[in-house]
2 protein chains.
Amino acid sequence: MLPFLSRADEAMDSNRDGIMQARETGTLGKLMVLLDLVTHADAPLRFTDILSLAGQPRGTLHRQLGHLVEEGLIEVDVDGRYAPGLRLLDFAARSWARNEFRLIAEPHLADLQQATGETVHLGVLRGSSIIYLDKVEGRQPVRMYSQIGNASPCYCTGVGKAALSRLPAESLANLLADLSFTRFTASTHVSAETLLAEIREIADLGYAFDREEHEAGIRCVAAPIWSEDRTFIGGVSITGPAYRLSMELLRQWAVPVQLAAGRIMEGMRIRLGPRR
Amino acid sequence: MLPFLSRADEAMDSNRDGIMQARETGTLGKLMVLLDLVTHADAPLRFTDILSLAGQPRGTLHRQLGHLVEEGLIEVDVDGRYAPGLRLLDFAARSWARNEFRLIAEPHLADLQQATGETVHLGVLRGSSIIYLDKVEGRQPVRMYSQIGNASPCYCTGVGKAALSRLPAESLANLLADLSFTRFTASTHVSAETLLAEIREIADLGYAFDREEHEAGIRCVAAPIWSEDRTFIGGVSITGPAYRLSMELLRQWAVPVQLAAGRIMEGMRIRLGPRR
DNA sequence: CGGGTTGTTCCATTATTCGGAACTTAATTT
DNA sequence: AAATTAAGTTCCGAATAATGGAACAACCCG
């Protein structure tokens, strides 16, 4: 597979108590759990905060954080609070700049934006999250990094549900089994049953809606993008405010979104060569 | 210090042979060296490429890469080549979105852009690199991530040289001693002596120029931003094409750039509280 | 088919991490 | 101001994970 392809069905190791489980990668796994804690927090965390979240012995945690700081993955402020480090930016900038999937999709996203005048997103399924890889807005200069790179749940985003509709049955079942739902709005799916029902519908139609399920007042229509072997799955979407995007309009736009998705898949096939 | 503050004088561990040294952080350090190799490469690397670059035994390297892949920091394509992983994006998006320095500087960058019509950059000194934290362009929608997050050398960028001019003498000496110069254009500094001479000048003037030293045809004027204890150092700059930005014009803009830098420092002081 | 290249697995040795406890420092209460 | 509690740091024997050499498998390519 291309560099942007990876197992779309890997499980996430977290539970509801805030205590995170180490992954099967020894030392690295434990450190990444900490990095996750620090980067996902709403504000810089103090040592004790992390201590209770990580459930590690004090001495151990102290050294682990020290190493992360030493490497620039985490930074410490005057008050001894831990915040994400800037070295992460450098890593990410490179990861993004050369991502093949993004490069292939880029022109088609621009076309779609031109055709509709609304914001276009490109996302990839990673675990049970959608990671947004690109965004093309109209008019106003984009607030960079605004959405790009962010991981959003798959069960309440258009791209997410579109992606799930192309997941092999077994992978989908595993993913749904481990999924925990958070109600963001009145229309957010909160059960695997209703979600699965909609995913089946989407699989037939070939496109998905987000009916203000993630953010009140925001709708979108999305189409899936997948590799033949289904190891790589993502999607494109058109997003905008509900007052401007009626469900009727979204239904009309399902066609151009699917066309764009098709062209991107075509581009992938060319890059991949005829053999696959 | 604030979360965005960290030792500005830490040394970088790399040498010219392409063999990178492990840092003093045990297992993590070794893995980060690998991640550096993969993210800094121009194209996905094959196992053997990394083998020669990293100078590790095959078995060891194999396991290390396996762990990085397992954690999503690196991804493997069909041909077994290694590329940066998308998990890095998620980390970085959060690191960026909540960075205090950037948040404080944001409005002043916009003002500066409005006043001059040219591109404004915000950067921070990390080791001997400048990491760009923000960018405000005129007109055209920004190509996101384009510059943001990128690490550039300190000795050939306006922000870099401005930052160096505020580094304590000892830290500066250490940094210069370890610096290795790459000639990007005809006017790039390639010796510590000439660089030091210019830095002394900049320290007096309070602003720095980039006279097409990093990229031919691109000039800039920059002013330093620093915390009182000099543990945090960065800068703002106005950048643009040489044909439009005469040296005369840049000299005029030195004033607004310094004013903007001053206002950002003021903002930092308020955030930090009166005690420091 | 044969020979080189590339990637993977195994396992005894070695180095690192682990984690309890003692210790220092800072903040809070009496 | 002294006493008390909380917060953060250091230490070191025991437990664990990383190391790296070598053997093994897969893949080209001529």
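Computed from a predicted model, the values in this text were never measured in an experiment. Order of the sequence lines sets the chain letters (A, B, ...), proteins ahead of strands, with each chain counted from 1.
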Please assess F101(B) against F232(B) for the test ring-ring contact (aromatic ring centres under 6.0 Å, His included), listing each intermediate value before the final yes or no.
CA-CA 10 Å; F101(B) 178 49; F232(B) 169 82; 4.7 Å; yes
Would you sort out whether R126(B) and E75(A) count as a salt bridge (charged side-chain N to carboxylate O under 4.0 Å, His left out), showing the intermediate values?
CA-CA 12 Å; R126(B) 278 296 132 89; E75(A) 300 185 2; 2.4 Å; yes
Between R94(B) and D36(A), is a salt bridge (charged side-chain N to carboxylate O under 4.0 Å, His left out) present by the stated rule, with each step listed?
CA-CA 10 Å; R94(B) 295 168 194 282; D36(A) 252 340; over 6 Å; no
Over 60° means perpendicular and under 30° means parallel, so classify the ring planes of Y132(A) and H121(A), tilted if in between.
tilted
CA sep, side-chain torsions, deciding dist, call: L31(B), L68(B), side-chain contact (heavy atoms from CB on, under 4.5 Å):
CA-CA 8 Å; L31(B) 291 174; L68(B) 288 168; 4.2 Å; yes
Closest nucleotide of DNA chain C for R58(A) versus for T27(A): which of these residues is on the 5' side?
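Nearest nucleotide further toward 5': that of T27(A).
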Here's a test of your reading of the structure: between R46(A) and Q56(B), which maps to the more 5' nucleotide of DNA chain D?
R46(A)
Which residue lies more 5' along DNA chain D, comparing H62(A) with L28(A) via nearest heavy atoms:
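The residue mapped nearer the 5' terminus is H62(A).
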Contact interval (first through last nucleotide) of DNA chain C with protein chain B, 4.0 Å heavy-atom
dT6(C) to dT17(C)
Drop me the distance from I130(B)'s CD1 to L164(B)'s CG, to the nearest 0.5 angstrom.
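Atom-to-atom, I130(B):CD1 and L164(B):CG are 7.0 Å apart.
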Nearest 0.5 Å please: distance from the CG atom of D90(B) over to the CG atom of L86(B).
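D90(B) CG to L86(B) CG: 10.0 Å, rounded to 0.5 Å.
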Could you give the start and end, 5' to 3', of the contact zone on DNA chain D for chain B, using atoms under 4.0 Å from its heavy atoms?
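From 5' to 3', the first and last contacting nucleotides are dA18(D) to dG21(D).
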Once you apply a heavy-atom cut-off of 4.0 Å, does T60(A) come out as touching a base, just sugar-phosphate, or nothing?
base
Are E266(B) and R263(B) close enough for a salt bridge, meaning some N to O gap below 4.0 Å?
no
